[in-house]
Structures are given as structure tokens and as C-alpha cells.
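First the proteins, then the strands, lettered A, B, ... as listed; each starts at 1.
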Amino acid sequence: MARILITSALPYINGVKHMGNLAGSMLPADVYARAMRLLGHDVLYICATDEHGTPAELAAQQAGMDVAAYCDAMHDAQAGAGAQFDLSYDYFGRSSAPSNHALTQHFAHVLEAQDLIYEKVSKQVYSNADGRFLPDRYVEGTCPNCEFDGARGDQCDNCGKLLDPVDLINPYSAVSGSKDVEIRETNHLYLRQSALSDRLRDWVDASEGWPPLATSIAKKWLDEGLRDRAITRDLSWGVPVTDANGKPRAGFEDKVFYVWFDAPIAYIAATQDWAVKTGGDWEPYWKTDAGANDTQYVQFMGKDNVAFHTLSFPTTLIGSGEPWKLVDSLKAFNWVTWYGGKFSTSQKRGVFMDQAIDIAPSDNWRWHLMANAPEGDDAAFTWEEFAVSVNSDLANVLGNFVNRITKYTASKFDGRIPAGGVNTEHEAWIIAELETRIPALIAHYEAREFRKAMEQTRAIWAAGNEYLTRAAPWSLYKTDVDAAAVGVRAGLNLAALFGIIAQPIIPNAADKILSALGVPQSNRSWDFGDIAGLINALPEGTAIKAPDVLFTKIEESDIAEWTAQYGGGQDKA
RNA sequence: GGGGGGAUAGCUCAAUUUGGUUAGAGCCCCCCGCUCAUAACGGGGUGGUUGGGGGUUCAAGUCCCUCUCCCCCUACCA
């Protein structure tokens with residue numbers, strides 16, 4: 001048994017997330033967490049809302065709400081959506097929590113004590129109309145390179161050239177459209193990342209189990225030489241910048257820490273909040289002087305977040321000089337796209353978590369998104385593929401298997417798990433299948449290869465159908481009831497096994513199957529022991545029920561309706 | 001501009017790390033079987049110049065060069 005800390009990239013606060021966000025970190029982290037729990041590990045799965053930054057302030061303003069109240073509402077909405085998708089967080093915290101304020105300020109103080117923080121004045125665009133400094137991409141204007149009119153301050157979408165907002169011709173605020181903008185000087189705290197390059201490189205070189213994507217991105221930045229990075233912003237909503245006495249830092253009264261400085265720290269702060277809430281101990285997860293070297297720390301994130309997790313956050317932790325736990329393994333995902341294009345609220349393209357749960361049960365989404373996880377490349381969501389996942393994999397292969405064997409048991413064996421008969425070549429066949437497939441399934445989960453894990457799960461379900469065809473108890477029943485009983489008993493045990501292996505992915509359907517077969521909670525773990533015994537594990541004579549239809553199929557008319565409402569193939573971006 | 005990832009049956013993806021039998025699977029389609037079951041299930045089959053071009057090698061989807069297209073990052077979006 002191992003102690004495993006799992007974090008999912010923090011979902012940003014400005015609204016309920018779309019299915020791509022769910023599929024890219026929160027859901028796979030959850031499936032992994034559930035699988036590791038079933039394997040008997042001591043798992044802590046931590047997530048939180050990422051609440052600071054300019055977009056949060058603007059979203060609140062647009063909603064006509066106070067930022068804090070807006071974040072309260074959105075945090076609740078996201079927590080609710082997560083619960084509806086059965087995300088089994090041990091704690092779902094907030095980057096705006098007092099614990100994170102304190103810890104972020106703590107890190108800034110110890111980093112400064114290590115001479116890794118200094119003040120520097122830079123130039124930034126200020127919008128008089130909006131009464132705020134504008135991040136580079138919130139300034140738009142004419143591109144000095146190609147004269148495109150809608151160029152953003154950081155990059156021109158037309159010619160692709162990287163820009164400095166100061167160079168834009170006729171700059172205006174992307175927030176209000178106002179041209180009343182000016183360049184102002186502003187003082188900020190900078191993190192001396194350059195001083196930590198060597199220590200960071202040593203750590204990256206020593207790391208194992210990172211995907212090539214993560215290693216190559218980290219090394220590229222290191223090769224170019226880490227630049228010092230501003231870790232404060234001119235905003236009001238965020239973690240206040242304090243001095244060593246906890247008072248507002250002189251000259252920084254109207255500034256807060258940069259969201260990417262405080263957000264990853266919230267992984268730790270949320271763990272502290274979990275400890276307070278549950279009476280647990282957070283230090284064995286995060287402090288190497290409290291046992292965290294024995295903790296396996298796995299981070300899940302989208303491909304855009306890799307540099308922050310491999311460089312920025314480790315810089316904070318290493319630079320502190322304190323014994324903080326660093327990440328062991330990363331799993332980075334590409335994007336789920338909507339028919340190959342981007343999700344867009346305004347253009348009604350794509351489904352968000354709160355809408356999705358009204359369309360189909362959580363299990364259906366979880367299965368489809370994991371079976372088509374964007375592991376190698378971006379993966380396009382389509383209603384047609386969704387229907388295939390639900391109808392073929394869930395309804396026909398798994399749902400129908402459970403249905404056919406339980407119904408048959410009800411009609412011919414009095415609804416009880418039958419005794420009698422002896423195993424034949426057919427039972428030997430299915431046992432051999434399980435003896436190779438179950439270890440392979442577990443290996444895929446341990447390697448966090450989700451598509452392969454789903455493929456193996458489905459293959460095990462499908463093997464059950466093949467077994468029933470081979471054993472054909474309905475034929476044997478006419479001449480030898482005991483011989484038929486062998487097939488029925490094995491089939492019922494297989495149904496239970498299928499529920500047990502399905503738990504990380506489709507927890508609700510799995511529970512329905514296991515409850516119908518009378519499998520107690522205590523017998524649902526992945527401690528399989530002797531695999532040959534799995535087809536005789538259920539107590540003979542136990543009364544079972546045929547569960548209601550486990551998965552309702554998706555009809556052509558459903559697809560047409562959803563396409564009309566949420567967009568589909570006809571408006572590819 | 002720089003860096004990284006990707007392009008493989010009609011569709012969605014394996015196999016590329018470590019070059020090695022006839023490049024696999026699911027869906028679709030066709031044929032057969034079964035009749036316990038949600039018109040489901042099982043078996044078999046059709047289908048590939050591995051994005052284009054060039055090279056290395058006894059052998060290339062895999063290594064090298066080059067071209068095309070898509071995605072991410074490029075340090076003040078998160």
C-alpha cells in the first residue's frame with residue numbers, strides 16, 4: 001500500500017467548466033484516484049477553484065456582482081457540477097481561502113529571505129476608462145507588423161508575430177473599447193528564477209515517469225535560461241502583498257500576488273483545509289521531513305499548464321529552502337474539441353457540465369470521455385461518437401450482458417445463484433482470458449494509460465458475452481440442468497466482476513450491478529487474489545435481482561435535438 | 001521567428017520509446033451462427049502506397065533530410 005497524493009489542475013472560477021475541461025484533468029484524476037483506492041492505496045485527491053486574476057474581476061463586473069460574492073457563487077456552482085459528475089475529491093478547496101493567503105504570503109517571505117525576490121519597475125498599459133492596468137492580451141490595436149486591426153497586445157492573431165502592447169498602433173482597451181489608455185510605470189516583485197536554474201535542472205534531470213511532453217517543455221525553458229518573473233499584479237482581488245510583519249507591504253497596498261504564484265500553492269493550502277475539516281494530517285503529503293518522501297505525488301493537467309507545474313511551482317518550493325514535496329509524476333492531456341473546433345459559449349457550440357448532466361447521466365459522459373481521452377492528440381467530441389460509446393459499449397456490451405444473465409437466472413433458476421455442475425473447457429477459457437486481462441488492466445491504470453485501460457475494460461466485458469455464447473447454458477438446460485448451472489453461475493460472477501472493474505469509470509452503474517447481485521461494499525475492492533476463483537466467488541443460493549435497464553440508448557432523434565441546441569458537425573470552426 | 005506534440009482503414013484510435021513475421025482494435029458495411037438478452041450477443045469477412053517527396057539499412061509506420069497541414073507554449077490570459 002502506498003500513500004498517493006493526486007491533484008487536478010485548478011479549474012478557473014469564471015463559470016462552470018465545459019466538457020473539455022472536465023476530460024482534461026478533473027475526470028482522469030478522479031478515475032485514477034478511484035482505481036488507486038480500489039487497489040488499496042491511501043489516496044488523497046485534492047482540487048480547488050482558482051479564483052484570482054483579471055478574468056475573475058471582469059466576469060464579476062459583467063455579472064454585476066462583487067468579486068467575492070461572484071466567486072462564492074461560482075465555487076458553489078463548480079462544486080455542485082463536480083458532485084453531479086461524481087468527482088470524488090477528498091477536498092475541493094478555494095485559492096481564495098485564508099489558508100492560501102497565509103501560505104502564499106509565507107512563501108513570498110521565505111523566498112525574499114533567500115534573496116530570491118526583488119522589486120523592479122516596469123511599464124504597463126493603464127486604461128483610464130476602466131480604471132485598471134491591462135494585461136497584455138487585454139490591450140488591442142493595429143499590428144505594427146501587418147497592420148491587422150484586431151491584434152492583441154501579446155500576439156497578433158493575423159500574422160502570428162509576438163508583440164509588446166507598447167508597440168501597438170492606436171491601442172485600445174479590450175475590456176471597454178476605450179482608446180483612453182496610457183503607459184504607466186508600476187513596481188512589482190520579481191522572483192529570481194534565474195538563480196535556481198541549476199537546482200531546477202538537476203531536479204528535472206533526475207525526474208522519472210514524466211511524459212516526453214513535460215520533460216521537453218521544461219528543458220527547453222531551462223536551455224533558454226529561466227528569466228525572472230513578476231509575481232505581483234495591479235489588482236484588488238487576490239492575496240495581498242504583505243511585509244515580514246504581516247502588514248501591507250509599503251508601496252504594494254493596491255497590488256496582489258499573481259494568480260499563477262498563488263494557485264499551485266493552493267494545492268497545499270487545500271490539503272491543510274482538508275486536514276482541518278477531517279482531522280487528518282496534511283504534512284505527510286507535503287513535508288519531506290514528515291514522511292512525504294514516501295508519498296507518490298501525481299499531478300493531472302492540460303498541456304498548456306505543463307511549464308507552470310514543471311518550473312514555476314517547483315521554483316517556489318525549492319527556492320523556499322524548506323522541505324517541500326515536489327511532484328513525482330505528471331499526466332498532461334491535450335484538448336477535447338467540439339467537432340474539431342473550440343468550445344464557445346457565445347456561439348452555442350459545446351456542452352458545459354451543468355448542461356451535460358441534463359442530457360445524459362454522469363456515467364455515460366465519464367465512459368465516453370475516458371475511452372476517448374485526449375492522450376496522444378486533441379480529440380474531437382461528436383454526438384455521433386458519444387452515441388456509439390453509450391449504445392455499443394455501455395448498453396450493448398455491458399448492460400445487455402448483465403441483463404441477459406440476470407433475466408435468465410430469474411426465469412430458470414428461481415432468481416438464485418445456482419449450485420451444481422463441474423467446470424468445463426469453457427470456464428477454463430474465460431479464466432485464461434481474465435488471467436491475462438485483469439493484470440493488464442491494472443497495469444494500464446498504474447501507468448495512467450486511460451484509453452488502454454478503457455479498451456481493456458471493454459474487452460473484458462466483451463469476453464463475458466463470448467463466454468456465454470460458448471457455454472450456452474440455455475442449450476444445456478434442456479438436457480442437464482446442473483451443466484447449465486455452471487454457465488449461469490459463472491455468468492453471474494462475471495457480471496459482478498464487470499461491475500467491480502467498472503467502478504472507477506461508471507460508479508453509479510457499477511453500484512447498481514453490484515447491489516443487484518448482493519455484493520457487499522467490503523467485497524468490491526481490486527484485491528483479486530486467485531483469478532480462477534472469480535467465477536465462483538458469489539455465495540451459491542444468494543437471491544439476485546435483475547437490475548432495471550442500466551443504460552438508455554441514444555436515438556437518432558436525440559442527436560438531432562442536441563445538435564440543434566448545442567451545435568454539431570454543420571458548423572465546424 | 002523559436003521550441004514541443006500530432007498526421008496510420010470511411011470514422012475514432014493502437015503499434016513509433018528499443019527498426020524485425022502477412023500494420024492491429026472498435027464503429028460502419030457484408031456473410032454466417034445463436035435465440036438467454038436492451039433488434040441485443042458470438043464467429044468470419046471487405047477495407048491501408050502509414051500526410052507528400054527524398055535518403056540510410058539485409059529490413060522503415062518506426063531512424064535522417066525536406067515540404068504541407070493541425071494543436072500547445074513562447075514568460076502580464078489562465
Side-chain angles (χ1 to χ4, degrees), chain A residues 9-14 50 52-56 58 122 124-125 133-139 152-155 160-162 164-165 174 186 188 193 211-221 223-224 226-230 232-235 258-260 263 302-308 311-312 332 334-335 337 340 371-372 374-380 382 384-385 387-389 391-397 399-412 451-452 455 458-459 462 464-470 472-475 477 484 487-488 491 546 549-553:
Chain A
L10 307 186
Y12 197 65
I13 193 69
N14 62 344
D50 175 15
H52 299 139
T54 304
L58 294 177
S122 64
Q124 195 70 25
V125 175
F133 279 94
L134 297 174
D136 291 357
R137 67 164 41 202
Y138 284 89
V139 188
R152 288 196 323 267
D154 57 340
Q155 183 167 21
K161 192 175 173 63
L162 296 180
D164 190 317
T186 177
H188 282 298
Q193 298 193 124
L213 185 70
T215 316
S216 58
I217 289 174
K219 288 190 173 171
K220 187 250 180 176
W221 282 47
D223 289 344
E224 287 185 355
L226 286 182
R227 277 180 256 161
D228 296 346
R229 186 165 205 153
T232 52
R233 292 288 186 277
D234 291 288
L235 292 170
Y258 174 40
V259 56
W260 260 114
K303 58 184 169 181
D304 56 329
N305 280 179
V306 172
F308 290 104
L311 296 169
S312 306
N334 291 280
W335 305 137
T337 65
N372 297 281
E375 289 181 307
D377 197 357
D378 290 354
T382 69
E384 292 76 11
E385 290 290 333
V388 167
S389 290
N391 295 353
S392 176
D393 299 343
L394 295 182
N396 291 347
V397 176
N400 181 56
F401 176 85
V402 174
N403 188 51
R404 64 193 292 205
I405 192 64
T406 51
K407 286 267 177 66
Y408 190 72
T409 303
S411 71
K412 294 291 198 286
R451 275 185 186 254
K452 288 178 181 171
E455 190 179 15
R458 191 201 130 100
N465 281 312
E466 184 172 355
Y467 165 76
L468 280 189
T469 299
R470 287 168 179 251
W474 49 87
S475 297
Y477 186 82
V488 171
V549 168
L550 289 164
F551 305 101
T552 304
K553 288 192 189 179

Donor + acceptor pair across side chains of A:D136, A:Q124 (<3.5 Å): yes
task: Can you tell me the distance, in whole Å, between the CG atom of A:D393 and the P atom of B:C13?
output: 15 Å
task: Starting at atom CG of A:D378, determine the distance to atom P of B:U12, rounded to an integer number of angstrom.
output: 13 Å
P gap between B:A40 and B:G48, integer Å: 28 Å
query: A:Y258 side chain N/O closer than 4.0 Å to the phosphate oxygens (OP1, OP2) of B:C77?
result: no
Nearest-Å distance for atom pair CD1/P, residues A:I405 and B:C34: 20 Å
task: For B:G19 and B:C64, measure between their P atoms and round to the nearest Å.
output: 11 Å
- prompt: So what does A:S122 hit on the nucleic acid, given a heavy-atom distance under 4.0 Å: a base, only sugar-phosphate, or nothing?
  reply: base
- prompt: When rounded to the nearest 0.5 angstrom, what is the spacing between CZ in A:F133 and OG1 in A:T54?
  reply: 12.0 Å
query: For the side chain of A:K452, counting heavy atoms from C-beta on, which of B:A14, B:C27, B:C77 is nearest?
result: B:A14
query: Of the candidate nucleotides B:A78, B:A40, B:C76, which contains the atom at the shortest distance from the side chain of A:N396?
result: B:A40
- request: For B:U62 versus B:A23, give the span between their C1' atoms, rounded off to a whole number of Å.
  value: 11 Å
query: Is A:A462 touching bases, backbone alone, or none of the nucleic acid, heavy atoms closer than 4.0 Å?
result: sugar-phosphate
- line: Scanning both residues in full, the closest heavy-atom pair of A:V488 with A:P473 reads CG2-CB, 4.0 Å
query: What about A:N400: does its side chain form a donor-acceptor pair under 3.5 Å with the base of B:A40?
result: no
- request: Go through B:C13, B:A78, B:C72 for me and flag the one nearest to the A:N305 side chain.
  value: B:A78
task: Compare the minimum distances between each of B:G5, B:A75, B:A25 and the side chain of A:R229, then state the nucleotide with the smallest one.
output: B:A75
- request: Please check the phosphate of B:C34 (OP1 and OP2 only) for any side-chain N or O of A:R404 closer than 4.0 Å.
  value: no
message: What's A:W221 touching, base or sugar-phosphate or nothing? Going by heavy atoms closer than 4.0 Å.
response: base
query: If you look at every strand shown and take non-hydrogen atoms under 4.0 Å, does A:G302 touch a base, only sugar-phosphate, or nothing?
result: nothing
message: If I take atom CZ in residue A:R233 and atom C1' in nucleotide B:C77, what distance separates them, rounded to the nearest angstrom?
response: 10 Å
- prompt: With stacking defined as ring centroids separated by under 5.5 Å and planes differing by under 30°, is A:W474 stacked against B:C36?
  reply: yes
Heavy-atom side-chain proximity of A:L162 to A:D154 below 4.5 angstrom: no
message: Categorize A:G399 for me: base, sugar-phosphate, or nothing, with a 4.0 angstrom heavy-atom threshold over every strand shown.
response: base
query: Under 4.0 angstrom, heavy atoms only, what part of the nucleic acid is A:A395 near: base, sugar-phosphate, or nothing?
result: base
Selected nucleotide, minimal atom distance to A:T186 side chain, candidates B:C76, B:C41, B:U74: B:C76
message: Between B:A59 and B:U21, how many Å separate the two P atoms, rounded to a whole number?
response: 14 Å
- request: Could you check which of B:U38, B:C11, B:C76 has an atom nearest any side-chain atom of A:E385?
  value: B:C11
query: Is the closest basic N to carboxylate O distance between A:D378 and A:K303 below 4.0 Å?
result: yes
- prompt: Which base sits across from B:G42 as a Watson-Crick or G-U pair, both distances under 3.5 Å?
  reply: B:C32
- line: Whole-Å distance, A:R451 CZ to B:G26 P, equals 16 Å
statement: Taken to the nearest whole Å, CG/A:L468 to C1'/B:G33 is 16 Å
- prompt: Quick one: which of B:C76, B:C73, B:C77 gets closest to the side chain of A:Q124?
  reply: B:C76
task: Starting from C1' on B:C36, measure out to OH on A:Y408 and report it in whole angstrom.
output: 6 Å
field: B:G45 to B:G61 separation - C1' atoms, rounded to the nearest Å
entry: 25 Å
message: Suppose we define a pair by two distances each less than 3.5 Å, Watson-Crick or G-U wobble; what does B:U12 pair with here?
response: B:A25
- prompt: Nearest-Å distance, NZ (A:K553) to P (B:A39)?
  reply: 6 Å
5′-ward residue of the pair A:E375/A:F551 relative to RNA chain B: A:E375
message: Between A:P374 and A:R451, is there a side-chain heavy-atom distance shorter than 4.5 Å?
response: no
query: Contact class for A:D50 vs. all strands (heavy atom < 4.0 Å): base, sugar-phosphate, or nothing?
result: sugar-phosphate
- prompt: Is A:L226 touching bases, backbone alone, or none of the nucleic acid, heavy atoms closer than 4.0 Å?
  reply: base
message: Please give the distance between the C1' atoms of B:C31 and B:A15 as a whole number of Å.
response: 30 Å
message: Given B:G42, B:G6, B:A78, identify the nucleotide with an atom nearest to the side chain of A:E466.
response: B:G42
query: How far does CZ of A:R229 sit from CG of A:L311, to the nearest 0.5 angstrom?
result: 9.0 Å
field: Pairwise C1' distance, B:C28 and B:C73 [rounded to whole Å]
entry: 38 Å
message: Taking only the C1' atom of each, what is the distance from B:G20 to B:C11 in whole angstrom?
response: 31 Å
task: On the 0 to 90° scale, with breaks at 30° and 60°, tag the A:Y408-A:Y477 ring pair as parallel, tilted or perpendicular.
output: perpendicular
field: Touch class at under 4.0 angstrom, heavy-atom based, for A:F308 against every strand present
entry: base
query: Within the structure shown, what part of the strands sits under 4.0 Å from A:A379 by heavy-atom distance: base, sugar-phosphate, or nothing?
result: sugar-phosphate
message: Given B:C72, B:C36, B:A75, identify the nucleotide with an atom nearest to the side chain of A:D304.
response: B:C72
message: Taking the nucleotide of RNA chain B with the nearest heavy atom to each, does A:G376 or A:Q193 sit closer to the 5' end?
response: A:G376
message: So if I take every side-chain heavy atom of A:P55 and compare against B:C77, B:C36, B:C73, which nucleotide ends up nearest?
response: B:C77
task: Would you check if A:W260 and A:H52 make a side-chain contact, meaning some heavy-atom pair closer than 4.5 Å?
output: no
message: Categorize A:V388 for me: base, sugar-phosphate, or nothing, with a 4.0 angstrom heavy-atom threshold over every strand shown.
response: sugar-phosphate
- request: Pick base, sugar-phosphate or nothing for A:R152, based on heavy-atom distances below 4.0 Å to the nucleic acid.
  value: nothing
